[in-house]
Protein chains: 2
Amino acid sequence: MSEERLREAIDTLKESGVRITPQRHAVLEYLLNAMVHPTADEIYKALEGKFPNMSVATVYNNLRVLKEIGLVRELTYGDSSSRFDCNTSDHYHIICDACGKIVDFHYPSLDEVESLAEQVTGFEVSHHRLEVYGKCDECQTQKH
Amino acid sequence: MSEERLREAIDTLKESGVRITPQRHAVLEYLLNAMVHPTADEIYKALEGKFPNMSVATVYNNLRVLKEIGLVRELTYGDSSSRFDCNTSDHYHIICDACGKIVDFHYPSLDEVESLAEQVTGFEVSHHRLEVYGKCDECQTQKH
DNA sequence: TATTAGATTATAATCTTTATAATTAGTGTA
DNA sequence: TACACTAATTATAAAGATTATAATCTAATA
């Protein structure tokens with residue numbers, strides 16, 4: 001089924017007229033299989049073995065392209081670097097204040113907030129983001 | 001009333017045992033009166049006139065201290081630098097995709113999302129953030 | 001007013017991300 | 001399959017934001 005998602009994503013790339021290079025394929029595949037939400041550098045390091053000559057710029061370029069097409073989302077939290085996430089299903093994130101772990105959780109999309117914001121501000125709303133913060137199970141246990 | 005908020009904030013600083021230096025006072029005052037959500041650099045530039053010798057590091061240090069005390073929030077959006085906001089009332093932000101303008105809008109706090117996330121993930125929830133994105137009035141008008 | 005710990009300054013270093021120019025390589029077509 | 005065209009990659013440098021360091025200064029307290 002991960003295979004299926006990869007094939008779909010590649011079809012989307014083709015439809016957009018974007019070339020499918022080995023590096024681009026690898027970045028996409030890595031993101032699709034990632035259980036976490038890696039930074040650009042983490043992706044770079046993970047693919048270094050397979051592509052010893054790959055440039056960091058290539059990772060950034062591909063992430064930008066994948067973002068423009070809508071296959072990938074960029075998440076910015078308080079820390080120094082952005083994280084990237086395959087844009088698959090409707091879910092939000094909960095983030096541990098202590099260790100930084102990011103866990104998905106599903107919740108119906110907050111359409112009501114969007115429409116209210118639209119009315120009040122006069123904006124033409126496109127989307128929203130929501131993150132919940134707290135302390136994860138592990139970090140609660142190892143309190144002292 | 002802005003005076004009132006400033007006095008309250010300074011009391012909070014004193015209670016926390018944090019020294020009230022002229023620079024710190026100025027950063028806090030600037031943030032309290034700011035209608036927008038400035039970056040560290042914008043704060044630095046705004047106070048340059050009053051404190052010609054002030055270092056950028058001082059702005060960052062003070063923002064960190066104010067954040068730790070809970071007087072200030074750090075907002076990270078897609079763009080390169082963080083924005084800072086006095087932590088006053090319950091409100092969310094809507095951000096223009098085109099020009100980057102940030103406008104406040106009020107909405108009851110999404111407590112339900114927090115409690116659901118808590119149940120599903122086992123996290124001990126502390127807070128959440130929500131931003132809505134779209135195109136502001138001006139940017140809608142100057143479409144072409 | 002003197003003391004002292006904390007704050008500021010000046011500077012450099014670090015880290016993330018973007019820009020540039022030259023080279024390489026996908027992809028559609030003959 | 002080979003060619004041509006253009007986008008993608010590489011290598012490198014540059015930019016920009018933030019943090020670290022050490023010396024100097026100063027707010028708060030007795």
Side-chain angles (χ1 to χ4, degrees), chain A residues 9-30 37-69 71-84 100, chain B residues 9-30 37-69 71-84 100:
Chain A
I10 287 175
D11 285 346
T12 309
L13 282 181
K14 281 184 184 163
E15 281 162 27
S16 308
V18 172
R19 288 188 189 165
I20 297 154
T21 67
Q23 294 90 334
R24 184 164 291 160
H25 189 280
V27 169
L28 184 58
E29 188 178 17
Y30 182 79
H37 307 288
T39 63
D41 195 59
E42 282 165 3
I43 299 171
Y44 173 66
K45 286 200 167 49
L47 301 179
E48 235 178 359
K50 210 186 278 183
F51 301 93
N53 292 324
M54 186 169 60
S55 166
V56 198
T58 299
V59 176
Y60 278 102
N61 286 339
N62 283 320
L63 289 171
R64 181 176 35 74
V65 169
L66 296 173
K67 239 171 55 187
E68 283 166 6
I69 297 177
L71 285 174
V72 164
R73 270 192 307 170
E74 181 174 359
L75 312 169
T76 61
Y77 305 113
D79 55 348
S80 48
S81 43
S82 291
R83 297 177 168 279
F84 297 88
Chain B
I10 287 175
D11 285 346
T12 309
L13 282 182
K14 282 184 182 161
E15 282 161 27
S16 308
V18 172
R19 287 190 188 163
I20 296 154
T21 65
Q23 294 88 336
R24 185 164 290 161
H25 188 280
V27 169
L28 184 57
E29 188 177 16
Y30 182 79
H37 307 289
T39 63
D41 195 60
E42 281 164 4
I43 299 171
Y44 174 66
K45 286 200 166 50
L47 301 179
E48 235 177 0
K50 209 185 279 182
F51 301 93
N53 292 325
M54 187 168 61
S55 165
V56 198
T58 299
V59 175
Y60 278 102
N61 287 338
N62 282 320
L63 289 171
R64 181 175 37 75
V65 169
L66 296 173
K67 238 171 57 185
E68 283 167 4
I69 296 177
L71 285 173
V72 164
R73 270 192 306 169
E74 181 173 359
L75 312 169
T76 62
Y77 305 113
D79 55 348
S80 49
S81 43
S82 291
R83 298 178 167 279
F84 297 87

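Letters go in sequence order (proteins before strands), and every chain restarts at 1.
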Roughly, in whole Å, what's the span from [atom1] in [X] to [atom2] in [N]?
X: B:Arg83; N: D:dG16; atom1: CZ; atom2: P; result: 16 Å
X: B:Leu47; N: C:dT9; atom1: CG; atom2: C1'; result: 16 Å
X: B:Asp41; N: D:dT19; atom1: CG; atom2: C1'; result: 15 Å
X: A:Leu63; N: C:dT18; atom1: CG; atom2: C1'; result: 13 Å
X: A:Tyr44; N: C:dC15; atom1: OH; atom2: C1'; result: 15 Å
X: A:Phe51; N: D:dA8; atom1: CZ; atom2: P; result: 16 Å
X: A:His25; N: C:dT27; atom1: NE2; atom2: C1'; result: 16 Å
X: A:Met54; N: C:dT23; atom1: CE; atom2: C1'; result: 18 Å

Drop me the distance from [X]'s [atom1] to [Y]'s [atom2], to the nearest 0.5 angstrom.
X: A:Leu28; Y: A:Gln23; atom1: CG; atom2: CD; result: 13.0 Å
X: A:Leu75; Y: A:Thr39; atom1: CG; atom2: OG1; result: 11.5 Å
X: B:Tyr60; Y: B:Ile43; atom1: OH; atom2: CD1; result: 9.5 Å
X: A:His25; Y: A:Leu47; atom1: NE2; atom2: CG; result: 12.0 Å
X: B:Glu29; Y: B:Ile10; atom1: CD; atom2: CD1; result: 8.0 Å
X: A:Glu74; Y: A:Ser81; atom1: CD; atom2: OG; result: 10.0 Å

Within the pair [X] and [N], is there a side-chain N or O less than 4.0 Å away from OP1 or OP2?
X: A:Ser81; N: C:dT17; answer: no
X: A:Arg24; N: D:dT9; answer: yes
X: B:Tyr60; N: D:dT18; answer: yes
X: A:Ser55; N: D:dA11; answer: no

Handout entry: Heavy-atom side-chain contact between B:Asn61 and B:Val65 under 4.5 Å
Key =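 Sidechains of B:Val65 and B:Asn61: no contact.
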Q | Sugar-phosphate, base or nothing in reach of B:Asn62, heavy atoms under 4.0 Å | A | sugar-phosphate
Please list, pair by pair, any protein nitrogen or oxygen found under 3.5 Å from a nitrogen or oxygen in nucleotides 21-30 of chain D.
unit_1: D:dA28; atom_1: OP1; unit_2: B:Ile20; atom_2: N; d: 3.1

